[in-house]
Amino acid sequence: MIEIKDLTVRFGGVTPLDHMTITFDEGTNGLIGPNGAGKTTFFNVLSGFVRPAEGSVTAFGENLLTMAHFRRARWGVRRTFQTEQAIEELSIFDNVGMVHEHSSKDSIGARTEAVLSAIEFVGLTGNPQTRVGTLGAGDRRLVELARAVVGQPRVILLDEPAAGLPDEESERTSEVIQKIPAELGALVILVDHDMSLVSACCSKTAVLDFGKLIASGDTADVLRNNEVKKAYLGVEAVAV
């Protein structure tokens, strides 16, 4: 469980997060909103890249805000980004191994086992020594997911993991995400504009708009909410 209380971030006169208060339960939680709503800023706070002006973040009883970003990685925070972070010149194995090396003190043998397990978990069935730059878009996204699940993650932050993928590849990504809580025991927060992906993966969803939390609850109910429709469409939603 992650408890967020009065989380506020200010950049000069801009407030990308404005007293955000919410609890994310175990499982996969959606976090949606229009561009500029504050979603990536929220991930940056949890990752340790941005220090909030106010508020608290407690994850499984631990105060995340007192941890340096590298200690959060060791504790179990993992993340993907909107843009791919895997290094094209390196192999799948080496890309995943780099993350594990910086987030675990395992022996070399244990590290090899963990890396191969993460690659298998996301469904990459080819040679793990294949250079990432030779892979198609869907498989490169799976490498990003493997980097997020390697080791023993406790909190996984997914920032548009299927962006730009065709439906078939997006469905592969969805299948992997849906396995994470049950098989790895990690809490997942998924940011995406693909409502089909959010609906398939998330039982609960929260909505940000201009830094403010405007809705949260069961995903189906949230997506029917008129305030949510208004935030996305920019017009008054009409009840039917």
Answer yes or no: is there a donor N or O on one side and an acceptor on the other, between the side chain of Thr21 and the main chain of Asp6, under 3.5 Å? yes
Please report the shortest heavy-atom distance between Pro16 and Val9, naming the atom on each side. CD-O, 3.0 Å
Intermediate values then yes/no, side chain to side chain contact (heavy atoms under 4.5 Å, CB included), Val191 and Thr40: CA-CA 8 Å; Val191 165; Thr40 297; 5.7 Å; no
Would you confirm whether Lys39, through its side chain, and Gly33, through its main-chain N or O, come within 3.5 Å as a donor-acceptor pair? yes
If you take all heavy atoms of Val115 and Gly97, which pair is closest and at what distance? CG2-CA, 3.6 Å
Test side-chain hydrogen bond (donor to acceptor under 3.5 Å, both in side chains) applied to Asn44 - qualifying residues, sequence neighbours left out: Arg79
Heavy atoms from other residues, nucleotides or ligands near CZ of Phe81 exceed 12 (cutoff 6.0 Å): yes
Does the pair Arg224/Asp218 count as a salt bridge with the N-to-O cut at 4.0 Å? no
Is any side-chain heavy atom of Phe121 closer than 4.5 Å to a side-chain heavy atom of Val150? no
Going only through I, L, V, M, F, W and Y residues with side-chain contacts under 4.5 Å, is there a path from Val149 to Met98? no
Flag if over 12 foreign heavy atoms under 6.0 Å of NZ, Lys179: yes
What about Leu124 and Leu90, same hydrophobic cluster or not, with Ile/Leu/Val/Met/Phe/Trp/Tyr joined at side-chain heavy-atom distances under 4.5 Å? no
Atom CD of residue position Glu26 - does it have more than 12 heavy atoms of other residues, nucleotides or ligands inside 6.0 Å? no
Quick check: is Phe43 connected to Phe60 through a chain of hydrophobic side chains (ILVMFWY, heavy atoms under 4.5 Å apart)? yes
Where is the tightest heavy-atom contact between Asp194 and Ser170, given as atom of each residue plus distance? OD2-OG, 3.7 Å
Of all the heavy-atom pairs spanning Arg10 and Ala53, show the shortest one and how long it is. NH1-CB, 3.5 Å
Arg72 vs Val155, test: side chain to side chain contact (heavy atoms under 4.5 Å, CB included). Steps then yes/no. CA-CA 10 Å; Arg72 297 184 203 193; Val155 175; over 6 Å; no
Working to the nearest 0.5 angstrom, can you tell me the gap between Asp192 CG and Ile177 CD1? 7.5 Å
Inter-residue atom distance Leu7.CG - Leu213.CG, 0.5 Å rounding: 11.0 Å
May I ask you to decide whether Glu169 forms a salt bridge with Arg172, counting only side-chain N to carboxylate O separations under 4.0 Å? yes
Are the side chains of Val45 and Leu65 in contact, using a 4.5 Å heavy-atom criterion? yes
Please check if the side chain of Arg78 supplies one atom and the backbone of Ala73 the other of a donor-acceptor pair under 3.5 Å. yes
Nearest 0.5 Å, please: how far is CG in Leu64 from OG1 in Thr58? 7.5 Å
Are Ile156 and Ile2 connected, step by step, through hydrophobic side chains (Ile, Leu, Val, Met, Phe, Trp, Tyr) whose heavy atoms are closer than 4.5 Å? no
Just by modelled atom types, is the Pro181 backbone N or O under 3.5 Å from a matching donor or acceptor in the Glu183 side chain? no
Would you say Val50 ends up clustered with Val57 if hydrophobic residues are merged whenever their side chains have heavy atoms under 4.5 Å apart, either directly or through other cluster members? yes
Nearest-0.5 Å distance, OG1 of residue Thr173 to CG of residue Leu158: 10.0 Å
Checking side-chain polar atoms at under 3.5 Å, does Gln178 have a donor or acceptor matched by the opposite partner on Ser174? yes
Counting distance only, does the side-chain N/O of Glu84 pair as donor-acceptor with the main-chain N or O of Glu144 below 3.5 Å? no
State whether the number of non-hydrogen atoms from other residues, nucleotides or ligands found under 6.0 Å of Asn127 atom CG is greater than 12. yes
What verdict does the side chain to side chain contact (heavy atoms under 4.5 Å, CB included) test give for Leu197 and Leu190, after you've listed the backbone C-alpha separation in whole Å, the side-chain angles of each residue and the deciding distance to 0.1 Å? CA-CA 9 Å; Leu197 180 66; Leu190 169 65; 4.2 Å; yes
Give a yes or no on whether Gln129 atom CD has more than 12 heavy-atom contacts from other residues, nucleotides or ligands under 6.0 Å away. yes
List the atom of Thr219, the atom of Cys202, and the distance in Å for their closest heavy-atom pair. OG1-O, 2.7 Å
Please lay out, stage by stage, how Leu223 and Ile32 fare under the test side chain to side chain contact (heavy atoms under 4.5 Å, CB included). CA-CA 10 Å; Leu223 297 182; Ile32 65 174; 3.7 Å; yes
Can you name the nearest heavy-atom pair linking Asp25 to Asn29, along with the distance? O-ND2, 2.8 Å
Spacing of CG belonging to Asn225 relative to CD1 belonging to Ile214, to within rounding of 0.5 Å: 7.0 Å
Is the backbone N or O of Glu113 less than 3.5 Å from a side-chain atom of Ser117, with the two atoms forming a donor-acceptor pair by type? no
Say whether, by atom type as modelled, one donor and one acceptor occur between the side chain of Arg140 and the main chain of Leu135 under 3.5 angstrom. yes
For residues Phe42 and Leu17, determine if any side-chain heavy atom of one lies less than 4.5 Å from a side-chain heavy atom of the other. yes
Calculate, to the nearest 0.5 Å, the distance between atoms CZ and CD1 belonging to Arg131 and Ile87 respectively. 12.5 Å
Okay, side chain of Arg147, backbone of Val99: is any donor-acceptor separation there less than 3.5 Å? no
Neighbour count >12 (heavy atoms, 6.0 Å) for atom CD, Glu3: yes
Determine whether a donor-acceptor pair (N or O, by modelled atom type, separation under 3.5 Å) exists between the side chain of Thr8 and the backbone of His19. yes
